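Here is the naming used below: chain letters follow the sequence lines, and residue numbers restart at 1 for every chain. Quick caveat, the model's predicted, so the values are computed rather than measured.
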Amino acid sequence: MSNKVFVSGNEAVAIGVKLAKPKVIAAYPITPQTIVVERLAEMVEKQELNAEYMYVESEHSALAAVMGASVLGARTFTATSSQGLLYMAEVMHYASGGRVPLVMMNANRALALPWSIFGDQRDSLSMLDSGWIQVYVEDAQESLDMIIQAYALAENKEVLTPVMVNLDGFVLTHTYEAIEVPQEEQVDKFLTDFKLEGKMDLENPRNLFFSSSPADNIRFKVQQHQAIVASREIIENLDKQYGEITGRSYGGLVTGYRTEDAEIILVTLGSITGQVRDVFDVLRTRGEKVGVVKIRFMRPFPEKEILELCRNAAVIGVLEKDISFGYHGTVYTNVADALKNTNKRLINFVGGLGGKNISQKDIEEIFSGLKNIDKITNTVNFIGLGV
Amino acid sequence: MTEVTFLGRGGQGAFTTSRILGAAASLYENKFALSFPSFGPERRGAPVFAYTKIDTVPIRNRSQCEYSDYIVVLDESLYDENLHKKLKPHGKIILNTPKEKSSPDIICFDATKVAQEYLGTAITNTAMLSVLVANTGLVSKDSLLAAIKYDMPLRIASKNQKLAQYIFTLTKGVGL
Amino acid sequence: MSRPTVKTDFSGEIPKGTYGPAMHLTETLEGWRNLRPVINNNICNNCGLCYLVCPEGVIFDEKNKMDIDYGFCKGCGICARECRKNAITMEKGDAANE
Amino acid sequence: MLKRLDKEEYFYGHKGCGGCGGSLAVRLALKVLGKDTFVVLPAGCMSAVGFVYPQLCFGVNALISPFASTAAMLSGIRAAAKSLNIENCNVVGFAGDGGTADIGLQALSGAIDRGDKIIYICYDNEAYMNTGVQQSSLTPYGARTTTTPPGEHIHGSINSKKNMFEIVAAHHIKYAATASIGNIPDYIKKVEKAKNTNGTSYIHIAAPCPTGWGIDSSETVAIAREAIECGLWYLAEYEDGKYKLNKDVKEFTSIGIYLKKQGRFKHLTEEDIQEIEKQRDNQIKFIKERYI
């Protein structure tokens with residue numbers, strides 16, 4: 001039976017969370033994430049969701065609270081954005097180092113200064129090294145589906161790593177569209193009850209989050225690294241399983257669009273992808289051999305997959321909404337490393353900073369840049385400066 | 001793809017209207033829709049833009065609407081000559097006003113009066129949406145009525161449905 | 001009354017993540033001590049004050065006789081300082097009370 | 001009193017300095033609370049000395065929280081315990097003065113505001129001892145720390161102690177108390193009360209640090225006692241919206257003698273001591289007007 005609703009990306013996340021049946025929710029409000037936690041609070045009030053909803057005094061406390069709850073054996077949820085994510089930074093490393101299987105939604109939004117509440121991806125990309133798995137979604141349906149997959153991924157015994165699901169602020173969080181809500185039984189079949197082997201237990205007490213000597217410390221860090229590397233295969237498998245149950249899967253770490261014979265490929269992250277596909281479809285009708293690679297996971301990074309998808313292309317552009325000042329966009333740096341042993345021409349486009357709209361025309365200009373790459377001398381090219 | 005812009009003041013329901021239209025198209029018809037507000041902090045009284053994109057194929061372009069097929073102005077005080085520059089060729093402005101139309105690309109309707117009568121308040125969003133739908137056939141009447149029920153709280157949904165039905169009797173055949 | 005003891009079979013392995021067992025002791029701390037408390041059981045009236053004030057919890061009542069777990073006693077001397085009967089003396093050399 | 005304590009040791013083999021007052025406060029509280037207890041410790045002495053893998057020194061469930069997050073993690077654990085129907089358990093935090101009055105104050109305030117059923121114990125050794133004795137907002141006036149080095153121009157800390165007990169009480173907390181390792185029976189009673197409080201409880205225990213204070217390791221308990229006797233520390237409670245002074249010291253012993261026993265106050269001049277006496281008198285006046 002079809003169960004279609006017309007909801008925003010934020011609401012899709014809230015519905016996904018509800019289906020995952022968390023026991024403890026703690027969050028601090030920050031635009032453009034707020035609607036997620038407002039909806040969850042409503043669900044708790046209506047007793048549609050049997051969870052403890054904690055209002056907390058900061059994002060730092062929100063993440064610390066769900067860590068504490070998680071290691072007692074409760075599935076949890078929190079959400080944040082932008083400055084809030086950075087305020088959590090300390091606890092983020094803490095959670096990944098402690099191998100606490102949290103799931104967090106982040107509404108991608110610019111960082112101050114200048115103050116901006118609008119969307120770009122500098123917040124989460126600046127936390128790329130925090131030891132979290134990072135996934136970026138494109139629409140409301142993928143938002144809901146990935147929340148459910150994120151729980152299965154984080155809690156997988158081999159992974160045991162927190163997962164951050166990123167939605168582009170406003171463009172995705174505030175845009176309404178029709179989505180299919182999976183049946184409760186489907187989700188229950190996919191996502192088993194929360195179990196954490198090392199959890200605190202009155203019968204079998206534990207000492208957690210300890211310190212270690214330098215000699216041991218590196219062994220813990222190696223484990224952490226290996227777990228995220230190992231998650232590559234698990235991500236693919238979970239996506240397939242989810243597809244078998246719900247009929248929807250997303251291609252795992254990365255998806256290619258018309259890349260087979262593409263001579264020019266643009267690599268994207270997040271909700272801009274659809275628009276690029278639209279423009280490239282038009283270009284295809286003009287005989288241009290163009291394709292799109294959408295990165296879904298920034299960690300683990302799909303280096304092999306990108307290499308494979310780009311194998312026939314001579315020119316690769318990366319379009320992203322962030323910049324590591326003084327060098328490249330962070331996505332570009334990662335893509336360039338994946339392609340380091342090829343002789344492909346690489347170029348970086350940075351747009352959408354501070355919420356600046358990326359228009360059809362901007363993408364057409366990007367294409368013309370890719371087509372005439374010999375005329376461009378900069379690695380990093382800011383788009384949309386003209387208007 | 002059809003793009004509709006709703007223009008109102010914060011609190012007048014422009015975004016609700018864009019959502020109802022989107023829901024009507026994507027839940028009750030075989031179409032696809034995106035509805036979204038102009039992004040930013042919400043402030044009562046401030047001018048608010050809201051957008052609906054409707055198409056027969058999935059809509060992948062999530063960027064802001066630069067040019068619209070229809071601009072629905074809920075509050076006459078927000079009307080401005082420059083709005084015409086935001087229309088696509090053959091686009092129309094649908095304006096809430098008791099006055100006669102001053103330009104061939106404007107459809108005028110006194111929604112305030114009708115809203116007062118049916119809702120007991122000058123919230124004109126449903127009336128103006130109904131004028132849009134009745135004149136353009138973007139979605140069917142039934143889909144619109146279903147979407148009103150889907151989106152609005154029970155206590156006001158039926159009043160708004162009655163209002164919509166009344167407008168269909170008024171404007172049917174007006175055409176564009 | 002038993003005190004926690006050192007795990008002699010600890011393999012040196014690390015758990016997956018910082019999930020450790022409770023009360024997992026792998027070394028004693030007697031090396032920290034300069035002076036060792038010695039209880040004179042002839043004077044001691046088993047009031048238990050030394051047991052209360054010990055930051056290490058190494059003093060305990062064993063069959064109505066106060067005893068000390070020297071494996072973990074750091075020799076801080078609080079017990080001797082606080083004993084109202086002056087039944088505890090701080091002594092040099094570790095041979096004194098083996 | 002002794003019989004009411006759990007015979008098991010739940011904090012053992014830790015690497016605290018000999019004569020550590022904080023570890024005594026932790027040890028005793030856990031002997032009151034017993035095995036069904038979850039402990040949160042932020043970065044600080046007690047976590048640094050109790051949790052160096054593989055030497056894990058807590059006999060009950062325990063974890064280290066981020067420095068600012070003691071109360072937030074306590075709240076999270078309590079929320080989970082509630083939702084998982086783990087009833088009849090204690091959720092207790094032990095944070096130092098810096099972890100409580102400085103970096104952890106926001107989270108503590110939030111937890112009290114929510115009324116979460118947690119016990120928060122601040123072991124106050126009056127400076128950041130774990131990092132080598134730096135000033136905190138609970139460092140007393142005149143004290144030498146490495147960041148308040150006494151010299152010709154400034155005679156140690158120029159701040160007075162924030163009154164955490166009053167700050168906490170101002171939240172209308174269910175139960176709050178000051179305590180001292182210089183009066184163990186009083187402390188034990190207060191931990192018992194906290195255990196039975198249906199809501200948030202806070203105990204602020206004076207726990208001298210022989211290393212940071214410059215006293216012999218055997219003097220920890222005695223110096224804490226002396227602080228009460230000379231009026232620089234007081235034992236009080238806030239319960240059912242009312243303040244209570246537990247011990248009304250009629251005649252104070254010499255502040256000068258108390259201070260001069262400690263390396264951290266060795267540099268104080270006669271005028272400095274008079275200033276501290278003045279501060280004490282104001283404090284006592286305030287308390288007596290308010291509490292009795």
Side-chain angles (χ1 to χ4, degrees), chain A residues 21-26 28 44 50-76 78 87-95 98 100 102 194 198-213 215-217 219-220, chain D residues 10 34-43 47-86 88-91 93 103-114 116 118:
Chain A
K21 298 175 189 158
K23 290 284 187 191
V24 175
I25 297 162
Y28 189 77
V44 170
N50 180 20
E52 290 294 313
Y53 184 94
M54 294 174 67
Y55 72 98
V56 283
E57 58 287 342
S58 76
E59 287 91 349
H60 194 280
S61 285
L63 197 55
V66 294
M67 268 186 86
S70 184
V71 294
L72 199 63
R75 182 174 288 153
T76 67
T78 188
Y87 197 39
M88 285 179 172
E90 180 202 12
V91 196
M92 287 183 65
H93 282 265
Y94 214 87
V100 185
L102 306 176
F194 185 82
K199 70 169 184 172
M200 296 196 291
D201 183 346
L202 290 177
E203 297 314 311
N204 177 26
R206 318 282 297 178
N207 282 189
L208 272 48
F209 305 166
F210 45 71
S211 54
S212 79
S213 65
D216 280 339
N217 194 286
R219 297 162 73 198
F220 284 104
Chain D
Y10 295 109
K35 89 177 212 336
D36 293 336
T37 299
F38 298 97
V39 183
V40 173
L41 305 111
S47 54
V49 305
F51 274 91
V52 188
Y53 187 82
Q55 185 95 339
L56 304 175
C57 304
F58 283 86
V60 290
N61 287 288
L63 55 78
I64 308 181
S65 75
F67 205 177
S69 305
T70 317
M73 265 202 188
L74 289 169
S75 290
I77 290 171
R78 177 52 81 185
K82 202 171 155 196
S83 81
L84 297 169
N85 300 317
I86 303 173
N88 301 324
C89 63
N90 309 297
V91 181
I103 196 167
L105 188 53
Q106 174 177 273
L108 173 59
S109 175
I112 303 172
D113 183 46
R114 287 187 295 269
D116 295 332
I118 58 169

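Between A:L102 and A:L63, some side-chain heavy-atom pair lies under the 4.5 Å cut-off. Counting only heavy atoms from C-beta outward, the side chains of A:K23 and A:F194 never approach each other to under 4.5 Å.
The residue among A:S213, A:G73, A:A26 with the most heavy atom pairs within less than 4.5 Å of chain D is A:G73. Interface summary for chain D: among A:D201, A:N50, A:V91, A:V56, the most heavy-atom pairs under 4.5 angstrom belong to A:D201. Residue with the most contacts toward chain D among A:E203, A:R75, A:H60: A:H60 (heavy-atom pairs, distance under 4.5 Å). With respect to chain A, the highest number of heavy-atom pairs below 4.5 Å among D:D113, D:V40, D:D116 belongs to D:D113. For the set A:T76, A:L202, A:V24, the entry with the most heavy-atom pairs within less than 4.5 Å of chain D is A:L202. Residue with the most contacts toward chain A among D:L74, D:V91, D:L56: D:L56 (heavy-atom pairs, distance under 4.5 Å). Contact count versus chain D (heavy atoms, under 4.5 Å) is highest, among A:S61, A:A51, A:S70, A:G98, for A:S61.
Heavy atoms of A:Y53 lying under 4.5 Å from chain D are absent altogether. Of the two parts of D:I86, only the side chain, counted from C-beta on, holds a non-hydrogen atom closer than 4.5 Å to a non-hydrogen atom of chain A. Looking at D:L84, the atoms closer than 4.5 Å to chain A (heavy atoms on both sides) all sit in the side chain, from C-beta outward. D:A111 touches chain A through its backbone: at least one of N, CA, C or O sits under 4.5 Å from a heavy atom, while the side chain does not. Only the backbone of D:T37 comes within contact range of chain A, judged by heavy atoms closer than 4.5 Å.
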TODO: Please lay out, stage by stage, how A:T78 and A:M88 fare under the test side chain to side chain contact (heavy atoms under 4.5 Å, CB included).
DONE: CA-CA 11 Å; A:T78 188; A:M88 285 179 172; 4.2 Å; yes

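Formation of a donor-acceptor pair under 3.5 Å by the A:Y94 side chain with backbone atoms of D:S65 is found in this model. Not a single donor-acceptor pair under 3.5 Å links the side chain of D:S69 to the backbone N or O of D:A72. Checked by atom type and distance alone, the side chain of A:N207 pairs as donor or acceptor with a backbone atom of D:V60 at under 3.5 Å. A donor-acceptor distance shorter than 3.5 angstrom exists from the side chain of D:S75 to the backbone of D:A71, with no hydrogens or angles considered.
Remark: aromatic rings of A:F210 and A:F220 are close, center separation under 6.0 Å.
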